[in-house]
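Keep in mind it's a predicted model, so treat the numbers as computed, not measured. To find a chain, count down the sequence lines: A is the first, B the second, and so on, and within it residues start at 1. Just the heavy atoms: all of them, side chains too, but no hydrogens, waters or symmetry mates, feed the values below.
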2 protein chains.
Amino acid sequence: MPDRLRIPRPTAKRLSLYMREAGLRLRDGIGQISSRQLGETLGLTDAQVRKDLAYLGQSGQPGVGYPTRDLHDRIRHAMGTDQKWNAVLVGAGRIGRALLAYPSFDREDFRIVAVLDADPALAGQTMEGRRIWPMAEMSHLVREHGCRIGIIAVPREAAQAVADQLVRARVTGILNFAPRRVEVPASTCVISVDFTVALEQLAFEVNLASANGASS
Amino acid sequence: MPDRLRIPRPTAKRLSLYMREAGLRLRDGIGQISSRQLGETLGLTDAQVRKDLAYLGQSGQPGVGYPTRDLHDRIRHAMGTDQKWNAVLVGAGRIGRALLAYPSFDREDFRIVAVLDADPALAGQTMEGRRIWPMAEMSHLVREHGCRIGIIAVPREAAQAVADQLVRARVTGILNFAPRRVEVPASTCVISVDFTVALEQLAFEVNLASANGASS
DNA sequence: CTTTGTGAAATTATTCACAGCA
DNA sequence: TGCTGTGAATAATTTCACAAAG
């Protein structure tokens, strides 16, 4: 007996955006927000926004909009970000450093609690004020801090081995910044952030736009 | 008269992956690759791969597969990465540094040719061996190097202003790493890479999986 | 007069399944 | 036998359009 409707993946992505926007409004003391306003700031149609928000159950008031606080809380709950998500970061390179300093990775809900690197020379040093551990400590750190997430910020060649180690250490989710697919058992989730794909996607879009624009 | 079929966006994303894989095979001297092999390494069905590749026109050989070199070239052409894409990077922070050192941003097709930052104290300094320019130099640099792409690697609050400047400097594509939508005229393309959305997406997936897995 | 929630319609994307070629 | 290319079938997602509510 599912207590709520299954949320489609495209919707889940947009829910993140709605939540961020609701958070900003909340901070600014704005109590209501309409699907049209939300759509306008995010580049979506109002119908799309309403369909998405309807997955969270009735919450809007006709003629008024959605109460900011309630909206924010509902999305948080639906996304699971009302829980604590501790993460281990593997890779003390430049991407790892950027993530350590990134606000989203040091919030109440998400937090990088340990940094590891395969380079023995780095073990014991600090990065952005955090101590770097050797790889052998992974299972221990994951257990000690109750990490459910592992972040792969190592070069392509090392990514699969790191993924294997993370799975053995019993994380249930992996955020992968290496430019390749990592193979994991079905019980583990992977989300990849691929800079190269984004860049090539952009080239594709620009070409498409200029092809459409240039009609002699 | 369009000389080729319109490529759907999901397909375009996957084409990047196929191209990368073809490039790796090419480097290893493997001359052929089948839709099944491609699908296996990338986590897709063979039918999906074939449908996608069919947009590039006939190129596979029944019973054999796709010739690696030809496949790579065709995708390159379709994506527009057989052209040169110079980019200006705005933001000499930690994300900017990571991108500067990232292999994909210093290839024959893509290259970051200039770094800018709003902080006057950074102007004239170097980062990853590149000189940092003040914002006022943007138009000049874009024109001089023929940059078609601008990369936004600044905090949320500064992102829209940077986007406006990039548009004025006449870039046609923007790669946005700031966690917000940037508003641009329709003639400019934007692709966003949003770490926060990726992270929350992961939490969502993990929750979903554990909900499915745990049926008492 | 504005805005929600939602069935129905339209569009888009994926999977199936198989004829035809090497 | 192994594999491509592709119509047809299915599934997923978005848009439309409107009754009902503040």
Would you mind reading off the distance between [X] atom [atom1] and [N] atom [atom2], rounded to a whole angstrom?
X       : N      : atom1 : atom2 : value
B:Leu44 : C:dA13 : CG    : P     : 15 Å
A:Arg9  : C:dT14 : CZ    : P     : 12 Å
A:Leu53 : C:dT3  : CG    : P     : 15 Å
B:Asp52 : D:dT4  : CG    : C1'   : 14 Å
B:Leu71 : D:dG5  : CG    : P     : 10 Å
B:Lys51 : D:dT10 : NZ    : P     : 15 Å
A:Leu56 : C:dT6  : CG    : C1'   : 15 Å
B:Leu38 : D:dT4  : CG    : C1'   : 13 Å

With respect to the phosphate group of [N], does any side-chain polar atom (N or O) of [X] fall under 4.0 Å of OP1 or OP2?
X       : N      : result
A:Tyr66 : C:dG5  : yes
B:Ser35 : D:dT4  : yes
B:Gln61 : D:dT4  : no
B:Thr45 : C:dT15 : yes
A:Arg6  : D:dA12 : no

Which nucleotide in the set [options] lies at the smallest distance from any side-chain heavy atom of [X]?
X       : options               : result
A:Pro62 : C:dT3, D:dT13, C:dA22 : C:dT3
B:Arg14 : C:dT14, C:dT3, D:dG22 : C:dT14
B:Arg50 : C:dT6, D:dG22, D:dT4  : D:dT4
A:Gln48 : D:dT15, C:dT3, D:dG22 : D:dT15

Handout entry: Sequence-distant partners of B:Phe177, ring-ring contact (aromatic ring centres under 6.0 Å, His included), two or more places apart
Key = A:Phe195

Handout entry: Given DNA chain C, 5'-ward residue of the pair A:Gln58 and A:Gly63, judged by closest heavy atom
Key = A:Gly63

Practice task
Mark yes when over 12 heavy atoms from residues, nucleotides or ligands other than B:Arg156 sit less than 6.0 Å from its CZ; otherwise mark no.
Solution key: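 Enclosed.
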
Practice task
Give a yes or no answer on whether the side chain of B:Arg111 reaches the backbone of B:Asn86 with a donor-acceptor pair at less than 3.5 Å.
Solution key: no

Can you give me every donor-acceptor pair (side chain of residues 41-50 of chain A, partner residue at least two apart or in another chain, under 3.5 Å) with its distance?
unit_1: A:Thr41; atom_1: OG1; unit_2: A:Gln37; atom_2: O; d: 3.1
unit_1: A:Thr41; atom_1: OG1; unit_2: A:Leu38; atom_2: O; d: 3.1
unit_1: A:Thr45; atom_1: OG1; unit_2: A:Gln48; atom_2: N; d: 3.1
unit_1: A:Asp46; atom_1: OD2; unit_2: A:Arg50; atom_2: NH1; d: 3.3
unit_1: A:Arg50; atom_1: NH1; unit_2: A:Ser35; atom_2: OG; d: 3.2

Practice task
Using distance alone, with no hydrogens and no angle criterion, decide if A:Gln32 and A:Arg25 have a side-chain donor and acceptor under 3.5 Å apart.
Solution key: no

Practice task
Describe the nucleic acid contact of A:Thr11 in one word from base, sugar-phosphate, nothing, applying a heavy-atom distance below 4.0 Å.
Solution key: nothing

Completion exercise
Whichever of A:Pro8 and A:Val64 has the more 5' nearest nucleotide on DNA chain D, that residue is A:Pro8

